[in-house]
**Student:** 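My questions will all concern the structure given below.
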Amino acid sequence: MKHQIKEDNGALVVALEGDVDLKTSPDARKILLDAVTRNLPMVVDLSGVLYIDSSGVASLIEAFQKARKSGHKFVLAAVSESALRVLNLARMDKVFAICPSVAEGLAKVR
Amino acid sequence: MTTLRAASRDEAMELVAALGRDFVSTLDIERTLASALRRIADHVGAEAGSLFMLEAAGKTLRCHASVGPTDIVGLTIAADQGIAGRAVQRNIGEIVRDVSRDPQFNRSVDQKTGFTTRSILCAPLSVKDERIGAIQLINKRGGDGLFDGDDLNLLAVLASSAALAILNARMAAKLVEQERVRRELELAAEIQRSLLPEAEADDFPVHGINRPARTVSGDFFDFFPLADGRICFALGDVSGKGMNAALLMAKAASLFRCLGKTIHQPGRLLAQINAEIAETATLGMFITMVVGIYDPRTGIPRFSNAGHEPLQLYAPDGSFTEFQAEMPPVGVVVGEPEQSFPEIAVPLGGGALYAFTDGVTEGYLETGKELGLAGLKEFLARNASEAVPRRLLRVAEALTQSQTSLRDDVTLLAVDDRAAAAQRASRPAPAPPAFDPSPVTVLRLHVPAVADRLRLIRTAVGEASRLVGCSEHVARDVTLAVDEACQNIIRHAYKDLPEGEIVVEIVRESGKLIIFLKDFAPTIDPKTVRPRNLEDIRPGGLGTHLIREIMDEVAFLEPPLAGGNVLRLGKRIA
């Protein structure tokens, strides 16, 4: 799994790429939680995620809840088809705000 | 009345008529009582008067109206106490010309109020044997202040007409109350009818009919189509009749509507409804219930039956097959919502599946005979060529022809495969599945139980799934399910110790993909492996939910003697 973090005009874009599974989700969790502590509205770009399992979804939930607690917006954007399928199966598509593109995600959090 | 003086008699008749009118038009009996007493006291010429009515199941007399210098409204005495008590008990009027000579006279009121009672006239308020109370008049105005026989006759006439008027007014009030309750029941029934599904076109496979024995019903049926063309259906019968049954019916029907939209396995759906109802149901109330899902493309309904009458499958050759309940009624046993009730799947082959409540088989025909199961079957077979709604209507009509009202709610549901079977036959048959006489092992993989190897397992399982003919979507889902199951082994069975091993075995067996996952960790109790409650949004614990969501079958097999665990996952190849 790879990741990128960009600051875009007062918002943070965190992109995860590759497989987010039992092996890599501890890293994903750390990346997401660290990003939340920067106290900026956040867009998580999932366009490059080829595979995500329940541990990956759990990391997203944890970061989402932490962001919400500190009062910052948190959206998922450009979710890849395979990641969206897992979010649907886990019924998390109703929990997260999901935007079709990073640009729309940024517009939403600002 | 013959002893009344003529002039006084005419006046008395006028007063009787006036009293009757007052009570008929009153909305406030108490006020009308007070004005009636005042008019009677004036008419007879008494200084004071009181009107007592029996209360507390006839044990006490309470003063409802009084005229004169002392207001004693509210005064309550034992029903056999005082002059009034005596009049009520004997149900005849009397004059006590001089109270000082009557030991029954209750002096306490005079002592409290300073009023001096000399003479009392008292008549019971009664209609035949129905005693209501008594009217008492005190001290005749003018002269010696004593009443005479004419006064008593006059009071007796007025009292008996007042009694009749009071009784009428009470009955009218009761009717108003009954009417209010009836109207509320009508409203409840209307809401209940709105819980039943709307009738579909004649060629829709699922139809139902409900005829309540009373205004509201303890029975229900429901059905709704899913986006993929399958149809969910349910029929239930709440123990008991009346309002309490109707309320529980509303709850069960709502649970089915709501949960049925997301849970498409009848056994799991019924188990969840059971868990909900058992948690909150009133003691002693339960529901016999059938829940199912019918696929018109295959002609196969899958259903689960909790304590309900056996379902009847009518085959086009005229024969019937019965399917008994395999679980107790809903609400009887506290259950786990994640549990699944046993399911039955049976091809209808152009026939029809019937579910019905016992109100149908125990209903009376016009002849006075009970319809019975044999009678119902005969009815359904005889009308088999009719459209489904008409077939059901015929049965309901036969049961409502009888002179006696319905014994119990009548509810029937039919899943009819005839139209769908004809459509299946007209469509070119899909290529027959490859001859598949015996299970074929597609893959056997021994891997260390570590997170590092999950990717390898995913690749292998994905390829194997595609190989046996799964679509890309199904292959991806199955891969996720196996990955999650392996994670459970790594984290919970081996508890992240690195020496463990997982054996993944993939078998193709009669159109299904079967995956066995073996480990060699200490044997675990399958009951502790449960999907989490999705309402509870929190990280972790999602894996088991995903496995159950994706796979058609999830079961732990009997653990091998040598120890370890075997999980069997099954998925229809599609």
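Chain naming here is simple, since letters A, B, ... match the order of the sequence lines and numbering starts at 1 in each.
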**Student:** Sort A:Thr24 into side chain, backbone, both or neither according to what part of it lies under 4.5 angstrom from a heavy atom of chain B.
**Tutor:**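 Contact with chain B involves no heavy atom of A:Thr24 at all.
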**Student:** Quick one: side chains of residues 447-458 of chain B, donor-acceptor pairs under 3.5 Å with protein atoms, not counting sequence neighbours, listed by atom name and distance.
**Tutor:**
residue: B:Asp452; atom: OD1; partner: A:Lys23; partner atom: NZ; Å: 3.3
residue: B:Arg458; atom: NH1; partner: A:Asp21; partner atom: OD2; Å: 3.0
residue: B:Arg458; atom: NH1; partner: B:Asp483; partner atom: OD2; Å: 2.7
residue: B:Arg458; atom: NH2; partner: A:Asp19; partner atom: OD2; Å: 2.9
residue: B:Arg458; atom: NH2; partner: A:Asp21; partner atom: OD2; Å: 3.2

**Student:** Which atoms form the tightest heavy-atom contact between B:Leu546 and A:Ala90, and what is the distance?
**Tutor:**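 Scanning both residues completely, I find the closest heavy atoms to be CD2-N, 3.8 Å.
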**Student:** Quick check on A:Leu60 against chain B: is it the side chain, the backbone, both or neither that has a heavy atom closer than 4.5 Å?
**Tutor:**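 Contact with chain B involves no heavy atom of A:Leu60 at all.
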**Student:** Are the side chains of A:Leu89 and B:Leu480 in contact, using a 4.5 Å heavy-atom criterion?
**Tutor:**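 Yes, at least one pair of side-chain atoms sits under 4.5 Å.
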**Student:** Sequence neighbours left out, cut at 3.5 Å: what donor-acceptor pairs do the side chains of residues 566-574 of chain B make with other protein atoms?
**Tutor:**
residue: B:Arg568; atom: NH1; partner: B:Glu553; partner atom: OE1; Å: 2.8
residue: B:Lys571; atom: NZ; partner: B:Ile550; partner atom: O; Å: 2.8

**Student:** I need the contact set between residues 463-476 of chain B and chain A: heavy-atom distance under 4.5 Å, sorted by residue number.
**Tutor:**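 From residues 463-476 of chain B, the residues near chain A are B:His473, B:Arg476.
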**Student:** Take atom NZ in B:Lys261; do more than 12 heavy atoms of anything else shown fall under 6.0 Å from it?
**Tutor:**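 Atom NZ in B:Lys261 is packed in, count exceeds 12.
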**Student:** Side-chain polar contacts of residues 67-78 of chain A - donor-acceptor pairs under 3.5 angstrom, sequence neighbours left out - could you list them?
**Tutor:**
residue: A:Ser70; atom: OG; partner: A:Lys66; partner atom: O; Å: 3.2
residue: A:Ser70; atom: OG; partner: A:Ala67; partner atom: O; Å: 3.1
residue: A:His72; atom: NE2; partner: A:Asn39; partner atom: OD1; Å: 3.3

**Student:** Quick check for you: to the nearest 0.5 Å, what is the distance between B:Asn488 atom CG and A:Ser54 atom OG?
**Tutor:**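 So the CG of B:Asn488 and the OG of A:Ser54 are separated by 7.5 Å.
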